[in-house]
Amino acid sequence: MLYALAQQGHFLLTWLVLTVVAFVLTMLMSGVLFYRYYAHPTFETWQRKSNPQFPKPAMVRREVLQMLKGIYTATLCPAIALHLVDAGWSHAYGGLGGHSVAYLVFTFFVVWIGSDLYEFAYHRLGHTRAFWWSQHKPHHAFANPSPFAVIADDHLDQLIRSAPLLVIPLCMPINMDLLFLTYGAFFYGYGVYLHWGYELAWPNAHHPFINTSFQHYFHHARSTVNKPLHTGFFFKLWDQLAGSVYEAGPAECVCASCSIARGERTREAFDAIEKPDYSVLLSPSFWVRGGRATVELDPAR
Ligand SMILES: [Zn+2]
Ligand SMILES: [Zn+2]
Ligand SMILES: [Zn+2]
């Protein structure tokens, strides 16, 4: 599909189509969760919210605008990969491209595990070097993020995060639909879960291997320059090896499960929480004139 599109020979058209497809996919995935868990929260859903507070609409607006930057930047690398095929540089292919179905499955796992280690290492760099922190810092404007924050990144930061979409086709034969969907749906989908702001009963924050939504919420709330904490994506392994994990006993742990167990998520507490009216996000004037960005409330700090 994407390979055939690039055969038309128009680079800007390929980039535009990839951007539109990515925009629709990402807005749908983030929007559905936002509608259910932010615009229409219930006491039962709120009990499993990592940060009991809801972000202000102005912050959500800022997330979405930053996300748009992330989208058109992220689609640049696969567009280049598709157009380097004719020059003999890129091994991107469409269909089976002379390879077996087993090769498709094999490449999926190579992309999954390889990208997870790469994203961990690059994200960690963003928290350990001043220059890379300056690029990554805009993602941390959101201490209490919503599902729209997944790729709410600045240009250079997102370009490097999406570089495997170019580097992988330069290194090995890869089906471009598989690669684009793995990043655009599978990775982005997991990113939506990580920025959901809510925690599942399973896997919960204390799962031994899986990096859950709590770890990424905690990352936004507490990790900063020279303080890498849970910079991993799917697996906890890399952070465990690097020693950048948050561990706390049931008396202090700020995850939803432990907060519920301590009796902190009561109906009274829910009633006292401010539930912002997110319907302003449907008003064009709100997007044009903007909302005053307010400091996020974070009880974990
Ligand atoms: Zn970070
Ligand atoms: Zn994030
Ligand atoms: Zn806990």
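Remember, it's a predicted structure, so these values are computed and weren't measured experimentally.
- Put simply, the side chain of Trp15 gets close to the backbone of Tyr72: a donor and an acceptor are under 3.5 Å apart.
- Closest non-hydrogen pair, Ser90 versus Ala81, comes out as OG-O, 2.9 Å.
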- [ ] Decide yes or no on side-chain contact (heavy atoms from CB on, under 4.5 Å) for Asp116 and Trp238, but give the supporting numbers first.
- [x] CA-CA 9 Å; Asp116 197 62; Trp238 321 119; 2.7 Å; yes
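- With Arg262 contributing its side chain and Pro250 its backbone, the two residues share a donor-acceptor pair below 3.5 Å.
- Taking OG1 of Thr107 as the reference point, atom CG of Asn175 lies at 7.5 Å (rounded to 0.5 Å).
- For the pair Leu25/Tyr188, no side-chain contact is recorded, criterion being any heavy-atom separation below 4.5 Å from C-beta on.
- To the nearest 0.5 angstrom, Leu33 atom CG is 11.5 Å from Leu28 atom CG.
- The two residues Trp46 and Ala269 have their closest heavy-atom pair at CH2-CB, 3.8 Å.
- Under the 4.5 Å side-chain contact rule for hydrophobic residues, Tyr217 and Ile260 do not share a cluster.
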Task: Pair Val150-Thr26, side-chain contact (heavy atoms from CB on, under 4.5 Å): steps then yes or no - done: CA-CA 9 Å; Val150 185; Thr26 54; over 6 Å; no
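- Nearest heavy atoms, Glu63 versus Ala149: OE2-CB, 3.5 Å.
- Among all heavy-atom pairs drawn from Pro55 and Tyr38, the shortest one is CD-CE2, 3.7 Å.
- Aromatic ring pairs are classed by plane angle as parallel below 30°, tilted from 30° to 60° and perpendicular above 60°; the pair Phe270 and Phe43 is tilted.
- In this structure, CD1 on Ile80 lies 5.0 Å from CZ on Phe11, to the nearest 0.5 angstrom.
- Side-chain contact, Thr14 with His83: a donor N or O sits under 3.5 Å from an acceptor N or O.
- Thr212 and Glu199 form no side-chain donor-acceptor contact under 3.5 Å, judged by distance and modelled atom types alone.
- Although no hydrogens or angles enter the test, the distance criterion places a donor-acceptor pair under 3.5 Å between the side chain of Arg61 and the main chain of Trp287.
- Side-chain contact check for Met176 versus Leu82: some heavy-atom pair is nearer than 4.5 Å.
- Side-chain contact between Tyr198 and Ser213 is absent, with no heavy-atom pair separated by less than 4.5 Å.
- Ser30 contributes no side-chain N or O that, together with a main-chain N or O of Met27, makes up a donor-acceptor pair within less than 3.5 Å.
- The structure places CG of Leu18 at 12.5 Å from CD1 of Ile71, a figure rounded to the nearest 0.5 Å.
- At a threshold of 4.5 Å between non-hydrogen side-chain atoms, the residues Met172 and Tyr103 count as touching.
- Nearest heavy atoms, Ser223 versus His127: OG-ND1, 3.4 Å.
- Using a 4.5 Å cut-off on side-chain heavy atoms (C-beta onward), Val105 and Phe109 make contact.
- The closest donor-acceptor contact from the side chain of Asp239 to the backbone of Gly232 lies under 3.5 Å.
- With a 4.5 Å cut-off on side-chain heavy atoms, Phe187 and Glu119 do not count as touching.
- Arg36 and Thr45 share no donor-acceptor pair across their side chains, judged by distance under 3.5 Å alone.
- Criterion: ILVMFWY side-chain heavy atoms under 4.5 Å apart, direct or through other members. Under it, Phe23 and Leu281 are part of a common hydrophobic cluster.
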Open item on the list: Quick one, His230 with Phe218, criterion ring pair (Phe, Tyr, Trp, His ring centres under 6.0 Å). Give me CA distance, side-chain angles, the key distance, then yes/no.
Closed with: CA-CA 8 Å; His230 291 291; Phe218 195 81; 7.1 Å; no
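- Taking the six-membered ring where tryptophan is involved, the planes of Phe34 and Tyr278 are perpendicular, since the angle between them exceeds 60° and thus also 30°.
- Within the 4.5 Å cutoff, side-chain heavy atoms of Tyr118 are placed close to those of Pro164.
- Side-chain N or O atoms of Gln215 include one that pairs as donor or acceptor with a backbone N or O of Ala205 at under 3.5 Å.
- To the nearest 0.5 Å, atom OG of residue Ser259 and atom NZ of residue Lys49 are 12.0 Å apart.
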Task: Audit row: His207, Phe209, ring pair (Phe, Tyr, Trp, His ring centres under 6.0 Å) steps and yes/no - done: CA-CA 6 Å; His207 193 281; Phe209 316 122; 5.7 Å; yes
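- Residues Trp202 and Phe234 share a single hydrophobic cluster, defined by chaining ILVMFWY side chains whose heavy atoms lie under 4.5 Å apart.
- Side-chain polar atoms of Tyr122 and Thr231 form no donor-acceptor pair below 3.5 angstrom.
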- [ ] Take Asn211 and Leu194 through the side-chain contact (heavy atoms from CB on, under 4.5 Å) test and state the conclusion after the steps.
- [x] CA-CA 8 Å; Asn211 191 54; Leu194 290 185; 4.2 Å; yes
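- Pro41 has its side chain within reach of Phe54: a pair of non-hydrogen atoms, C-beta onward, lies under 4.5 Å apart.
- The pair Asp154-Lys69 meets the salt-bridge criterion, with a side-chain N (NZ, NE, NH1 or NH2) lying under 4.0 Å from an Asp/Glu carboxylate O.
- For Asp153 (side chain) and Met67 (main-chain N/O), no donor-acceptor pair under 3.5 Å exists by modelled atom type.
- To the nearest 0.5 Å, the span separating CZ on Arg265 from CD on Glu44 amounts to 13.5 Å.
- Taking all atoms of both residues into account, the shortest heavy-atom contact from Tyr246 to Cys253 is OH-CA, 3.5 Å.
- Between the side chains of His216 and His195, at least one donor N or O lies within less than 3.5 Å of an accepting N or O.
- In this model, no donor atom of one side chain and acceptor atom of the other lie less than 3.5 Å apart for Tyr37 and Ser146.
- Under the rule for a salt bridge (charged side-chain N to carboxylate O under 4.0 Å, His left out), the partners of Glu274 that lie at least two apart in sequence or sit in another chain are Lys56.
- No continuous path of hydrophobic side-chain contacts links Val167 to Tyr183 [ILVMFWY only; heavy atoms under 4.5 Å].
- At least one donor-acceptor pair closer than 3.5 Å links the side chain of His139 to the backbone N or O of Ala152.
- Of the listed residues (Val225, Ile160, Asp157), just one forms a side-chain contact (heavy atoms from CB on, under 4.5 Å) with His136, and that residue is Asp157.
- Val245 is not connected to Phe235 by any chain of hydrophobic side-chain contacts under 4.5 Å among Ile, Leu, Val, Met, Phe, Trp and Tyr, and they are in different clusters.
- Summarising the local packing, CZ of Phe186 is surrounded by more than 12 heavy atoms from other residues, nucleotides or ligands at distances under 6.0 Å.
- Side-chain contact annotation: Trp112 with Thr182, donor-acceptor N/O pair under 3.5 Å absent.
- In terms of the side chain to side chain donor-acceptor pair (under 3.5 Å) criterion, Asp271 has no residue partners (sequence neighbours excluded).
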TODO: Dump the intermediate steps for side-chain contact (heavy atoms from CB on, under 4.5 Å) on Phe233 and Phe120, then the final yes or no.
DONE: CA-CA 7 Å; Phe233 201 66; Phe120 158 78; over 6 Å; no
